[in-house]
There are 2 protein chains.
Amino acid sequence: MEKISLILVDDHQMFREGLHLLLSKLNEIDKIREASNAAELFELLKQEVPQLIFMDIDLPGTDGIEITREVLKSHPSINIIALSMYADEVYYLPMIEAGAKGFILKNSGFDDVENSIKRVMAGKYYYSQEILSGLISARNRKKHQQKKNNDLSERETEILQSICLGLSNIEIAEKLNISKRTVDKHRENILQKTKTKNTAGLVMFAIKNGIIPMQ
Amino acid sequence: MEKISLILVDDHQMFREGLHLLLSKLNEIDKIREASNAAELFELLKQEVPQLIFMDIDLPGTDGIEITREVLKSHPSINIIALSMYADEVYYLPMIEAGAKGFILKNSGFDDVENSIKRVMAGKYYYSQEILSGLISARNRKKHQQKKNNDLSERETEILQSICLGLSNIEIAEKLNISKRTVDKHRENILQKTKTKNTAGLVMFAIKNGIIPMQ
DNA sequence: ACTTTACTCAGTATAAATACTTAGTTGCAT
DNA sequence: ATGCAACTAAGTATTTATACTGAGTAAAGT
């Protein structure tokens, strides 16, 4: 198996040196270089192109996401694994869009680093499990939020759904085989219950409360 | 460290036996039992409660998702790891909601099984990388969908946002210091461009196209 | 120079939504 | 059996939204 040459990009020297030491114990690793910012990285790239880059996201000046885009534009073959303190989607989604093959958290174990190298160098992707738990818990939070605080009756829910579909009261009345005035009344009651004052408010309420599917 | 007692639930005998053999080589595992359906599983649960269950999703009769819900209702302390042939979100999302702590694919390596046991028994989640990348790519797809196909001008976008906030045309006119008739006209143009026919349609369009934040 | 686009404003008319009030029916629960 | 909640319906009035037409100005691009 070919030995791996890699570059660590991080503005904290201590972190860089620690990771450097840990990585140097791996047999697969051949050469490790370090950069603390974009300029240093591009200088290293001129000298020799590595197979792998560990890229910190929170860099002063040009951030890791922007650097990743630039590096991949000129060197598409390099595998980039993102490093972040936080499992927040405002970090990893842009990073993945930028082309990072992996995303691991700084406070996860070194086995995460090892696994990420193995998978990414095999042409696969690798994401920390913590990211998923963030996604899942966000999903669950939303699901729970949606279920509660919904005092609408069945009929009212049905009518609110129809409103969101863009139907007028007359059309809803025809669809449900009831009087237009009844729909008027329901709509009025829904406005009261949802504490909104017009159609726009109704639709927003419906979405926030999961009354209409809108993932 | 306490030894783990677990149950394998799968309707394919050969798969069950193979996984049984592999698992029996792990030091952490103490006792392995097998069930091929819901009835057999609940029979085993009566005899002795395990710490862990590997649950196949595609079971004849009551499926793995439903069984997971029932098991966790009566035995919330049991850790359940789902097994599936497919990395499809129609499988894993309901399974996660049902309370499974892990989700691995049948065609991934045995190290996935080992890792899932370690993490789940430590009170954490574990999901196959394939699932994580599926979730993330789904999110990326959505983000990209939102950006395109938005012919609205700046002013129109501004007005659409105000509409979504529940403002009437008069209120929007005051807010932007323009005539109410101008807002009328903008609104008319937005209706045309978005191919919608009323306020509800406008709000739905705004959400689908990411014109208003709505995570 | 010319066209296009965005933004602005108005007249006129109709349709729809909002507000407030009253009231009959049904089914369910205490 | 009594009351409550949901669903139904209508009268009346006002406010908003939608539709179609016409038009001026400013900026930007060809």
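Each chain gets a letter, A, B and so on, in the order its sequence line appears, and its residues count up from 1. Worth knowing before you read on, the calculation uses all heavy atoms, side chains too, and leaves out hydrogens, waters and symmetry mates.
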Q: Quantified as the angle between the terminal helix axes (five pairs each), what is the overall bend of the helix from dA1(C)-dT30(D) to dT30(C)-dA1(D) to 10 degrees?
A: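 End axes: 50° apart.
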Q: Hey, does R181(B) reach any base, or is it just sugar-phosphate, or nothing, if we go heavy atoms under 4.0 Å?
A: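 Result for R181(B) = base.
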Q: Show your working on salt bridge (charged side-chain N to carboxylate O under 4.0 Å, His left out) between R187(B) and D184(B) and close with a plain yes or no.
A: CA-CA 5 Å; R187(B) 192 167 188 143; D184(B) 285 342; over 6 Å; no
Q: Please classify the nucleic acid contact of N198(A) as base, sugar-phosphate, or nothing, using heavy-atom distances under 4.0 Å.
A: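 N198(A): backbone/sugar contact only, no base atoms under 4.0 Å.
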Q: Give the first and the last nucleotide of DNA chain C, reading 5' to 3', that has any atom under 4.0 Å from a heavy atom of chain A.
A: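 Boundary nucleotides touching chain A, in 5' to 3' order, are dA16(C) to dT22(C).
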Q: Tell me whether K118(B) forms a cation-pi arrangement with Y126(B), defined as NZ or CZ under 6.0 Å from the six-membered ring centre and within 45 degrees of its axis.
A: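 That pair does not qualify as a cation-pi contact.
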Q: The criterion is salt bridge (charged side-chain N to carboxylate O under 4.0 Å, His left out); which residues satisfy it with K124(A), sequence neighbours excluded?
A: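 Checked K124(A) against salt bridge (charged side-chain N to carboxylate O under 4.0 Å, His left out); zero matches.
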Q: Distance under 4.0 Å to a non-hydrogen atom of chain A counts as contact; along DNA chain D, which nucleotides mark the start and end?
A: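 That gives a stretch of dA6(D) to dT12(D).
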Q: So, do F54(A) and V113(A) sit near enough that their side-chain heavy atoms are less than 4.5 Å apart?
A: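 F54(A) vs V113(A): side chains touch.
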Q: Count the heavy atoms of every other residue, nucleotide or ligand shown that sit under 6.0 Å from CD of Q47(A), and state whether that count exceeds 12.
A: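 Result for CD/Q47(A): enclosed.
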Q: Taking all non-hydrogen atoms of both residues, which atom of L45(A) and which atom of P50(A) are closest, and how far apart?
A: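 For L45(A) and P50(A), the tightest heavy-atom pair comes out as CD2-CD, 3.5 Å.
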Q: Using atom types as modelled, flag every donor-acceptor pair under 3.5 Å from a side chain in residues 158-166 of chain B to any protein atom, sequence neighbours excluded.
A:
unit_1: E158(B); atom_1: OE1; unit_2: R155(B); atom_2: NH1; d: 3.1
unit_1: Q161(B); atom_1: NE2; unit_2: I211(B); atom_2: O; d: 3.2
unit_1: S162(B); atom_1: OG; unit_2: E158(B); atom_2: O; d: 3.1
unit_1: S162(B); atom_1: OG; unit_2: K175(B); atom_2: NZ; d: 3.0

Q: Can you name the residues that form a side-chain contact (heavy atoms from CB on, under 4.5 Å) with S108(B), not counting sequence neighbours?
A: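 Listed in chain order: L105(B), D112(B), S128(B).
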Q: Which salt bridge (Lys or Arg N to Asp or Glu O under 4.0 Å) pairs, counting each pair once, include a residue from residues 60-76 of chain B, with sequence neighbours left out?
A: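 Matches after skipping sequence neighbours: E66(B)-R69(B).
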Q: Which residues within residues 159-180 of chain A lie with some heavy atom under 4.0 Å of an atom in DNA chain D?
A: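 Result for residues 159-180 of chain A: I178(A), S179(A), sorted by number.
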Q: List for me each residue that meets ring-ring contact (aromatic ring centres under 6.0 Å, His included) alongside F103(B), sequence neighbours excluded, and say none if there are none.
A: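 Partners of F103(B) under the ring-ring contact (aromatic ring centres under 6.0 Å, His included) test: Y92(B).
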Q: Restricting to salt bridge (charged side-chain N to carboxylate O under 4.0 Å, His left out), what partner residues turn up for K101(A), sequence neighbours left out?
A: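 Listed in chain order: nothing, the list is empty.
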Q: For the CD atom on Q13(A), are there more than 12 heavy atoms of other groups (residues, nucleotides or ligands in this structure) within a distance under 6.0 Å?
A: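 Counting neighbours around CD of Q13(A), 12 or fewer heavy atoms of other residues, nucleotides or ligands fall under 6.0 Å, so no.
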Q: Does any residue of residues 188-197 of chain A have a heavy atom under 4.0 Å from DNA chain D, and if so, which ones, in number order?
A: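 Listed by number, there are none.
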Q: Should the pair D58(A)-K106(A) be classified as a salt bridge under the 4.0 Å nitrogen-to-oxygen rule?
A: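 So D58(A) does not pair with K106(A) through a salt bridge.
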Q: For residues 33-42 of chain B, which side-chain donor-acceptor pairs fall under 3.5 Å, sequence neighbours excluded?
A:
unit_1: R33(B); atom_1: NH1; unit_2: L44(B); atom_2: O; d: 3.1
unit_1: R33(B); atom_1: NH2; unit_2: E48(B); atom_2: O; d: 2.7
unit_1: E34(B); atom_1: OE1; unit_2: R16(B); atom_2: NE; d: 2.9
unit_1: E34(B); atom_1: OE2; unit_2: H20(B); atom_2: ND1; d: 2.7
unit_1: S36(B); atom_1: OG; unit_2: E40(B); atom_2: OE1; d: 3.4
unit_1: S36(B); atom_1: OG; unit_2: E40(B); atom_2: OE2; d: 2.8
unit_1: N37(B); atom_1: OD1; unit_2: A39(B); atom_2: N; d: 3.1
unit_1: N37(B); atom_1: OD1; unit_2: E40(B); atom_2: N; d: 2.9
unit_1: E40(B); atom_1: OE1; unit_2: S36(B); atom_2: N; d: 3.0

Q: Is the number of heavy atoms from other residues, nucleotides or ligands within 6.0 Å of NE2 (H12(A)) greater than 12?
A: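 No, not enclosed.
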